[in-house]
Amino acid sequence: AKQSGQGKHRFFKRSMNEEANKRLAMLGSLRTALQNNEITVHYQPKVITAHKTIMGMEALVRWRRNGGLASPADFIPLAEDTGLIVPIGRFVLEESCRQTQHWRTASGKDVKVAVNVSPRQFREDDMPLLVREVLDKTGLPPGALELEITESVLMQNPEQSRITLQDLRAMGVTTSLDDFGAGYSSLSYLRRFPIDVLKIDKSFVDDVPDERQANMLVRAIVEMAHGLNIQVVAEGVETKDQLDFLHKIETDYIQGYYFSKPLPPEEFEALLHEGPLV
Ligand code: C2E
Ligand code: CA
Ligand code: CA
Ligand code: CA
């Protein structure tokens, strides 16, 4: 037993080293990725539930790496730990505002872009100043920009966050609370912070309309949000049954593979020119 225990330990140690080496190698290439134009942005439509037209899109970062596309799940945590998320986040903000303003003027459609802001970026960057600079530079009107933050941002630094969110609201930029329901004690945040939109976490959306408890929860979230003058997006919608349920309970917007995966800009542009996404 001792023998195999030691073997396991050695194996564990070796795989930990391999893991650390992999992280180090990835960190090196992530550092140069921005300069090498390997960081790009994809766009996923947000659809108005009632008539299936595109009201805007979420900007989602991608890394063109070794001929493929690395998923943010693989490099965002590393970027967050090392602080690289700050320059990456600035790039995504500026690139997506520039692209959105281009689409608005080219298509005449009043679309809005939502950009994810990580806890570290929210904490370390002067967000109101950065946003002001990017809006000035790209010409995007403030009302066409939404920032998506998570509860952890609010938990880590409530007082500073409240001030930052108020400054952004005064500027005309909206804020949405992402992954709503996946974390803790979300309800008090809705009263304490100026939040415009809730995004119901995919884990709830996955279970409607087949699980009664999920149905009740989602319905309650929508009702409560509307009572507080907050709009609701359901994320991760994949089926017609989910869509029908979410429509019935008056969820404002739908995002998910049912309509479209996140797309590279050329493909998103083609989608934008089509009519309603039936
Ligand atoms: P998120 O902000 O919750 O984004 C939604 C994720 O769900 C995206 O994954 C999207 O592609 C995926 N998704 C959308 N609809 C569906 C669906 O119907 N089914 C399924 N299975 N998935 C769906 P993605 O693009 O891999 O991003 C993962 C996470 O990485 C994001 O979760 C966000 O937390 C983070 N992230 C992405 N882009 C950025 C960024 O520019 N900055 C920061 N700080 N984080 C980002
Ligand atoms: Ca998001
Ligand atoms: Ca989300
Ligand atoms: Ca999520």
Side-chain angles (χ1 to χ4, degrees), residues 39 41-46 55-62 72 76 79-80 83-101 103-104 110-183 186 189-190 192-201 225 228-235 252-253 255 262:
I39 302 291
V41 184
H42 283 193
Y43 300 90
Q44 185 178 36
K46 285 188 189 174
M55 95 22 160
M57 54 278 173
E58 179 173 2
L60 293 154
V61 71
R62 297 289 180 267
I76 291 284
E80 181 79 9
L84 274 178
I85 193 67
V86 175
I88 292 174
R90 288 180 169 200
F91 170 79
V92 172
L93 179 68
E94 181 168 339
E95 174 57 22
S96 57
C97 287
R98 188 197 58 72
Q99 180 66 76
T100 301
Q101 184 55 11
W103 282 330
R104 289 168 59 88
D110 191 16
V111 285
K112 172 163 185 165
V113 69
V115 181
N116 292 285
V117 180
S118 86
R120 184 150 177 177
Q121 192 192 5
F122 196 85
R123 194 171 65 232
E124 288 181 12
D125 235 345
D126 183 339
M127 287 310 291
L129 181 65
L130 174 65
V131 164
R132 171 47 60 214
E133 283 172 0
V134 168
L135 294 177
D136 284 348
K137 190 166 171 186
T138 61
L140 187 75
L145 175 63
E146 186 155 284
L147 300 183
E148 297 196 0
I149 60 169
T150 54
E151 291 165 353
S152 54
V153 167
L154 308 180
M155 271 167 68
Q156 284 170 15
N157 204 343
E159 206 30 56
Q160 188 53 45
S161 300
R162 210 171 52 78
I163 294 169
T164 302
L165 293 177
Q166 271 168 354
D167 288 352
L168 289 165
R169 176 172 280 185
M171 213 184 282
V173 172
T174 58
T175 306
S176 70
L177 200 50
D178 205 351
D179 303 339
F180 186 78
S186 329
Y189 295 140
L190 301 181
R192 281 163 57 208
F193 298 96
I195 300 290
D196 304 283
V197 179
L198 283 189
K199 295 189 77 175
I200 302 180
D201 192 64
L228 295 167
N229 219 357
I230 292 173
Q231 293 193 304
V232 182
V233 180
E235 68 175 12
D252 304 276
Y253 307 109
Q255 192 184 340

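Residue numbers count from 1 along this sequence. None of these values were measured; they are calculated from a predicted model.
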Colleague: If we check side-chain hydrogen bond (donor to acceptor under 3.5 Å, both in side chains) with Thr174, which of these qualifies: Glu148, Arg169, Lys112?
Modeller: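 One option only clears the test, and that one is Lys112.
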Colleague: I'd like to check Leu140 versus Arg104 (side-chain heavy atoms, cut-off strictly below 4.5 Å). Are they in contact?
Modeller: yes
Colleague: Using a strict cut-off of less than 4.0 Å between a Lys/Arg side-chain nitrogen and an Asp/Glu carboxylate oxygen, indicate whether Asp179 and Lys199 qualify as a salt bridge.
Modeller: no
Colleague: Got Ile195 and Leu228 here, is their nearest side-chain heavy-atom distance under 4.5 Å?
Modeller: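 Answer no - side chains too far apart.
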Colleague: Quick check: do Asp196 and Gln231 have side-chain heavy atoms less than 4.5 Å from each other?
Modeller: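 Not touching, per the 4.5 Å side-chain cut-off.
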Colleague: Work out which heavy atom in Pro128 is nearest to a heavy atom in Met171; give both atom names and the distance.
Modeller: O-CE, 3.4 Å
Colleague: What's the separation between atom CZ in Phe122 and atom CG in Leu154, rounded to the nearest 0.5 Å?
Modeller: 7.0 Å
Colleague: Atom CD of Gln121 and atom CD1 of Ile88: how far apart are they, to the nearest 0.5 Å?
Modeller: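 Here the rounded value is 10.0 Å.
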Colleague: Any non-hydrogen side-chain atom of Gln255 less than 4.5 Å from a side-chain atom of Pro45?
Modeller: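 The answer is no; the side chains never approach within 4.5 Å.
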Colleague: Within this structure, what is the CZ-CG distance for the pair Arg120 and Leu84, rounded to the nearest 0.5 Å?
Modeller: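 If I round to the nearest 0.5 Å, the distance is 9.0 Å.
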Colleague: For the atom pair OG (Ser161) and CD (Gln156), what is the distance rounded to the nearest 0.5 Å?
Modeller: 8.0 Å
Colleague: Can a donor-acceptor pair be found between the side chains of Gln101 and Thr138 at a distance below 3.5 Å?
Modeller: no
Colleague: Might you point out which heavy atoms bring Val113 and Thr100 nearest each other, and give the distance in Å?
Modeller: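 Minimum heavy-atom contact is CB-OG1, 3.2 Å.
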Colleague: Within a reach of under 6.0 Å around CG of Asp136, are more than 12 heavy atoms found that belong to other residues, nucleotides or ligands?
Modeller: yes
Colleague: Less than 4.5 Å apart, any side-chain heavy atom of Thr164 and any of Asn157?
Modeller: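 Thr164 vs Asn157: side chains apart.
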Colleague: Between Pro87 and Gly83, which heavy-atom pair has the shortest distance, and what is it?
Modeller: CD-O, 3.5 Å
Colleague: Rounded to the nearest 0.5 Å, what separation is found between the CE atom of Met127 and the CG atom of Leu165?
Modeller: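 Taking CE in Met127 and CG in Leu165, the distance rounds to 10.0 Å.
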Colleague: Any side-chain heavy atom of Leu190 sitting closer than 4.5 Å to one from Phe180?
Modeller: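 They are in side-chain contact.
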Colleague: Output the distance between atom CG (Leu129) and atom CG (Asp167), rounded to the nearest 0.5 Å.
Modeller: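 So the CG of Leu129 and the CG of Asp167 are separated by 10.5 Å.
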Colleague: Counting C-beta onward and ignoring hydrogens, is there a side-chain heavy-atom pair between Asn116 and Val61 closer than 4.5 Å?
Modeller: no
Colleague: Do you know the tightest heavy-atom contact between Leu177 and Glu151?
Modeller: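 Here Leu177 and Glu151 meet closest at CD1-N, 3.9 Å.
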Colleague: Looking at every non-hydrogen atom in both residues, tell me the closest pair between Glu146 and Ser176 and how far apart they are.
Modeller: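 Distance-wise, the nearest heavy atoms are OE2-CB, 3.6 Å.
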Colleague: Just wondering, do Val153 and Val117 contact through their side chains at under 4.5 Å, heavy atoms?
Modeller: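 Val117 does not reach Val153 side chain to side chain.
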Colleague: Treating Asp252 as the side-chain partner and Val232 as the backbone partner, does any N or O pair qualify as donor plus acceptor under 3.5 Å?
Modeller: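 A pair under 3.5 Å: yes.
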Colleague: How far apart are the closest heavy atoms of Tyr43 and Ser96, and which atoms are they?
Modeller: OH-CA, 3.4 Å
Colleague: Would you please name every residue forming a ring pair (Phe, Tyr, Trp, His ring centres under 6.0 Å) with Phe193, sequence neighbours left out?
Modeller: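 Scan of Phe193 (ring pair (Phe, Tyr, Trp, His ring centres under 6.0 Å), adjacent residues dropped) gives Tyr189.
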Colleague: When you look at Val131 and Leu147, which way does the side chain to side chain contact (heavy atoms under 4.5 Å, CB included) test go after all the steps?
Modeller: CA-CA 10 Å; Val131 164; Leu147 300 183; 4.2 Å; yes
